[in-house]
Amino acid sequence: MRLTLEQVRHVAGLARLKLGPEEEQRYQQQLSAILEAMEKLRELDTESVEPTSHSTLSGFLWREDLSRQSLEVEKALANAPEKVGTAFSVPKIIE
Amino acid sequence: MQLFELSMLELASKLASGEVSSVEATRACLRRVAEVDGKVKAFLHVDEKGALAAAEASDARRKGGKPAGPLDGVPVGLKDIFLTEGLPTTCGSRILEGFVAPYDGTVVRLLKEAGLPIVGKLNQDEFAMGSSTEASGFFPTRNPYDLSRTPGGSSGGSAAAVAAGEVFGALGTDTGGSIRQPAALTNLVGLKPTYGRVSRYGVIAFASSLDQVGPLCRTVADAAALLQVIARHDPLDSTSAQLPSPDYLAGLEGGVAGLTLGLPREYFVEGMDQEVERAVRAAAEELRRLGAKVVDTSLPHTRYALATYYLIAPAEASSNLARYDGIRYGLRAADAKGLRELYALTRERGFGPEVKRRIMLGTYALSAGYYEAYYLKAQKVRTLIRRDFEQAFKQVDAIISPTSPVAAFKLGEKVDDPLAMYLMDVFTLPCNLAGLPGMSLPCGFTASGLPIGLQVLGRPYDEARVLRVGRAFEREHDFAKRRPPL
Amino acid sequence: MSASDFQPVIGLEVHAQLLTRSKIFCSCSTEFGAPPNHHTCPVCLGLPGVLPVLNRRVVEMAVLTGLALGCEIQRRSVWSRKNYFYPDLPKGYQITQYDQPICEQGRLLIDGEGGERAIRIRRVHMEEDAGKSVHDPVRGISLVDLNRAGVPLLEIVSEPDLRSPEEAAEYMRSLRDLLVYLGVNDGNLEEGSLRCDANVSVMPKGSAQLGTRTELKNLNSYRFLQKAIELEIARQVLVLESGGKVEQETRLFDAERGETRSMRSKEEAHDYRYFPEPDLPPLVLDEGLVEAQAKALPELPRAKLERFRTQYGLPAYDAKLLTSERPLADYFEAVAAGYRDYKKLSNWFLGELLRLLKEQPTPIAALKIGPGHFAALLSSVDRGEISAGAGKEVLAEMFRTGAAPQTVIAERGLAQVSDQSAIEALVDEVLAKNPSEAEKYRAGKRQVFGFFVGQVMKAMKGKANPQVVNELLRKKLGG
């Protein structure tokens, strides 16, 4: 196994996913198998290769510093599951 | 031939001559949806009212002698990944169930401005992660050529709807093959333009450096015409190409005489379907007969593309999908005790297994201690893959290959084996890693009547030549005229 | 070992909101004080499908600040995503600059304990601000307002070059003054448009090995900054003296309790999973932009201070106060163009003008006193046309109404009588009325001189020029 159960739990925590015990084991297996396949990349010497993080071949796009009418607040809140006044409501942050 | 079977451009000429109205064409689509979508299950949402209102407006413009463009009045469908103001937009995910988009994405605005009625929103793999539409949070879509099989994915709903005659064309997105592979499996033309050619604003992000919008149509000319509507610079997308788009229809009939086409030897691999290989080699012969010079070419890092892709795409996705937290929109676990649980339960319930798998994989690849070994390594190999193409395109004008290693597979066949499913993208995803334009077009059928796709890849921003190669092949055959036995 | 055996080592991370009209990646207003979520749009709400487009002004301000701090301006810098979950972070990541910031390796000169010190600046980078959460403990909920989400920030990170809490506060003041000078920040710590975190460690004096540092948050005034660092140094020294180890952690300053306390939570250690932001290509600066900012660079506070000392011959104390705010300095120079006794002018500024400004807070730009009027008033005092006391009264009136000094003097009848003959007549009269006092004076009782001055002034209703009165009295009394 490439991944321990602890690692699976740690990653799930970082990603804010709650996994049941069965799911943890399934992901441990599947992710380990996938990572195993990814090991193939180690064959390549990339010491002097620059990474490619963007596909864009085009120039940089700017926006001028002009402020304009924002979205109407009703629309901004229309999909909110819970709100108080015009604020989004969440369970208290500091526990 | 029935009205719903026409190509977009055939319909456009009938609309122009007044032989058919947009309302009639739209009603034909709606009737067809009512007739077959119970079996095909391509639609997540049908917007009958909106489509008919747009069709009426189109007919009024036409009557006034002022059509908005060549495709004014031609009804189309949209993958549910596009934000459409006032309509549900779920991206195939339960986490966005009930979400109504408060704005139109750029391509949606462009379609509306060009007068194309939008019949509805089409099914897809959740957040575009999948190759069969089985990862939809709602239901799988079926292949109109064989309802027990997948139409491919992730734009499977878009492909199935066009193939089944429910819409005349559709837009999909392609991150690793999600337009081309379903097009190949449903006897359609599917084009992924160069990265940056079409705006991503208002397209729900899967992997931002790979995602690109493109058309799924019945003919190459339709794909060219639909691309014409959406390919333009967008000041709302910093990665949008600041280049004018050529007239994609103008050179379409130019043929392949004098062009050099490359057959990459790495794309004909052990274990690929023999019928697929035969059909693609036959297509290459055909193109040679039509005047192209067909040569062997090599893309040596092809075998690393899959691993590269399945590190980069999940890494970007793990970040892109962090916004689905149950606070501002979408599903919320109302019973959660405390904030921490709100996140965990909302995301646990809202995301399906494939999405969670990729979020986990991507989070891991970016996490402390693994970034260099996985994410950064993949970005470096990506450079090597791009260089392969740059080298190849010094010798050839376009590359031809199979689109998918197999024809449409059975629903359920690969759902429990993520790696086998990932292999479905093996020929399509290098093109995304390199940001190049790629197209799939019909090149035959298996003995059991399943469509086979031919892939054409081009240089950056060279969609026109990709289309021209495809058209040269298409006009020699009647594949595009075939319709599924629904 | 005792506290005096330890050397504190301090570095500051300062977040400054930039004074742009619109947010960094969308066109929403940055204006402060709107009701919750009224300055939001799909982009800063983090709706599905949105993309960032960079505000050019933000880059200009970053370059200007970098130049003022003597940084190397990077012609290519990279945007990154910093991933973490928090309700006021709508996308689940912050767009920031990480391993390739726009400015590197600068310095800020401050008045340290042993004179002028150059504090090295490690980096300056651009990023987006988060929204705000307000906690309602009664209902057990927090309310999220995203008006601030996407407001542009500059993060300015110093090297750990500061050696005392006082120095840290002085650095913060100097940096604030600089940013305000540049017009990129409003300098308001209380409203949070300038925020500060401190990295603090201690090491035995003479050691070259840095101690383990802690990060202090919530230092929203100079006083808190200084206090929190003092407390933290004392805490760390205590830990070390009792044989313990300082743990690397984030600590929150609690002003009410006067302590710093650990923010350690049960959650896994921070792992922000930075990676290059795919939605924004690397930022490549054109030389034109950098050159334009170099041209726009104003005279900086310290250079101005130096010039005030040499050009106007002012003491360092005066020069520092006068140059603390660019508008005040500019105003001083405008008045000085018409009035040559600079030290006296400085006294009037630091005494009367600052008092008036304190009584009725007014931005210098909105000051009603024309520089020419100010200069004319002081000249009147010098010429003896009015007394210094009356001059203050006139200045106060000018401050209120903007009237010319001559008008105020005339309206209020404040002009002094310097006319020799009119005063002489009165002096004669007073002497004639008080012959015995005159005798006493002549006999050597010099104290009665004041009595005569008083009598004359009384007769003149206080408007006689005291100098003239003195001279005449001395002449008439003889001796």
Side-chain angles (χ1 to χ4, degrees), chain B residues 81-83 89-91 93 96 99 101-106 127 196 199-205 207-211 234-240 312 315-316 318-325 327-330 338-340 342-343 347 362-371 375-376 379, chain C residues 25-27 37 40-56 79-95 98-99 131 133 135 140-146 149 265-283:
Chain B
I81 203 167
F82 296 97
L83 273 88
T89 300
T90 67
C91 210
S93 181
L96 279 175
F99 173 73
Y103 75 100
D104 272 337
T106 297
F127 287 105
S199 170
R200 293 184 295 117
Y201 187 77
V203 183
I204 295 180
S208 309
S209 75
L210 303 164
D211 296 343
D234 182 7
L236 297 178
D237 176 357
S238 300
T239 61
S240 163
I312 294 171
E316 292 183 7
S318 71
S319 174
N320 284 331
L321 269 57
R323 69 190 63 193
Y324 305 102
D325 57 10
I327 295 175
R328 285 146 299 127
Y329 45 80
L339 181 65
R340 177 84 195 193
L342 175 72
Y343 285 129
R347 292 163 65 79
T363 302
Y364 179 74
L366 288 174
S367 65
Y370 302 98
Y371 180 88
Y375 180 78
L376 190 64
Q379 296 288 40
Chain C
F25 298 124
C26 64
S27 301
N37 296 309
T40 60
C41 74
V43 175
C44 56
L45 285 167
L47 289 187
V50 296
L51 298 169
V53 181
L54 181 61
N55 182 342
R56 185 178 169 97
W79 296 97
S80 290
R81 291 187 184 179
K82 178 181 182 179
N83 295 284
Y84 65 97
F85 286 89
Y86 206 75
D88 62 20
L89 185 71
K91 298 186 296 296
Y93 57 84
Q94 179 195 32
I95 304 177
Y98 180 54
D99 51 357
S133 322
H135 311 297
I141 57 173
S142 297
L143 299 178
V144 180
D145 170 13
L146 298 175
S265 62
K266 291 148 273 172
E267 313 199 349
E268 55 281 300
H270 283 303
D271 182 350
Y272 292 123
R273 289 160 284 134
Y274 286 97
F275 72 102
E277 162 60 292
D279 289 331
L280 287 169
L283 172 59

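Because the structure is predicted, anything quoted here is derived from the model rather than measured. Worth knowing before you read on, the calculation uses all heavy atoms, side chains too, and leaves out hydrogens, waters and symmetry mates.
Proximity to chain C (any heavy atom under 4.5 Å) is shown, for B:Tyr370, by neither the backbone nor the side chain. Only the side chain of C:Tyr93 comes within less than 4.5 Å of a heavy atom of chain B; its backbone N, CA, C and O stay farther away. Looking at B:Asn320, the atoms closer than 4.5 Å to chain C (heavy atoms on both sides) sit in the backbone and in the side chain alike. Both the backbone and the side chain of B:Thr363 come within less than 4.5 Å of a heavy atom in chain C. In this structure, the portions of B:Ile204 lying under 4.5 Å from any heavy atom of chain C include both its backbone and its side chain. In this structure, chain B has heavy atoms under 4.5 Å from both the backbone and the side chain of C:Leu47. For C:Tyr274, the part lying near chain B is the backbone, with the side chain staying farther off; criterion is any non-hydrogen pair under 4.5 Å.
For the atom pair OH (C:Tyr86) and CD1 (B:Ile327), the distance works out to 10.5 Å, reported to the nearest 0.5 Å. From B:Ser318, atom OG reaches atom CZ of C:Phe275 across 6.0 Å, with rounding to the nearest 0.5 Å.
By the 6.0 Å contact criterion, OH on C:Tyr84 is enclosed, its count of non-hydrogen atoms from other residues, nucleotides or ligands being greater than 12.
Annotation for C:Val50 and B:Tyr201: closest pair CA-CE1, 3.9 Å, computed over non-hydrogen atoms. Here the closest non-hydrogen pair linking B:Thr239 and C:Asp279 is CG2-O, 3.7 Å. When all heavy atoms of B:Tyr324 and C:Pro48 are compared, the closest pair comes out as OH-CB, 3.5 Å. Pairing each heavy atom of B:Tyr103 with each of C:Gly49, the nearest pair is OH-C, 3.3 Å. Closest non-hydrogen pair, B:Ala322 versus C:Gly92, comes out as CB-CA, 3.8 Å. Annotation for B:Leu236 and C:Leu51: closest pair O-CB, 3.6 Å, computed over non-hydrogen atoms.
Interface remark: of the candidates C:Cys26, C:Gly46, C:Pro42, C:Gly46 forms the most heavy-atom pairs closer than 4.5 Å to chain B. Of the listed residues (B:Asp325, B:Leu96, B:Ile81, B:Val203), the one with the most heavy-atom contacts under 4.5 Å to chain C is B:Val203. Interface summary for chain C: among B:Ala368, B:Ser209, B:Ser199, B:Ala315, the most heavy-atom pairs under 4.5 angstrom belong to B:Ala368.
Under the 3.5 Å distance criterion, the side-chain polar atoms of C:Asp271 are left unmatched by any main-chain donor or acceptor of B:Ser367. Panel note: side chain B:Ser238, backbone C:Pro52; a donor-acceptor pair is recorded below 3.5 Å.
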Discussion item. Before you tell me yes or no, could you show the steps for C:Phe85 and B:Leu339 under side-chain contact (heavy atoms from CB on, under 4.5 Å), namely the whole-Å CA-CA distance, both residues' side-chain angles and the distance that decides it to 0.1 Å?
Written reply: CA-CA 10 Å; C:Phe85 286 89; B:Leu339 181 65; over 6 Å; no
Discussion item. C:Thr40 vs B:Arg328, test: side-chain contact (heavy atoms from CB on, under 4.5 Å). Steps then yes/no.
Written reply: CA-CA 12 Å; C:Thr40 60; B:Arg328 285 146 299 127; over 6 Å; no
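For the side-chain hydrogen bond (donor to acceptor under 3.5 Å, both in side chains) test with B:Ser319, the passing option among C:Glu277, C:Lys91, C:Arg273, C:Arg81 is C:Arg81; the others fail.
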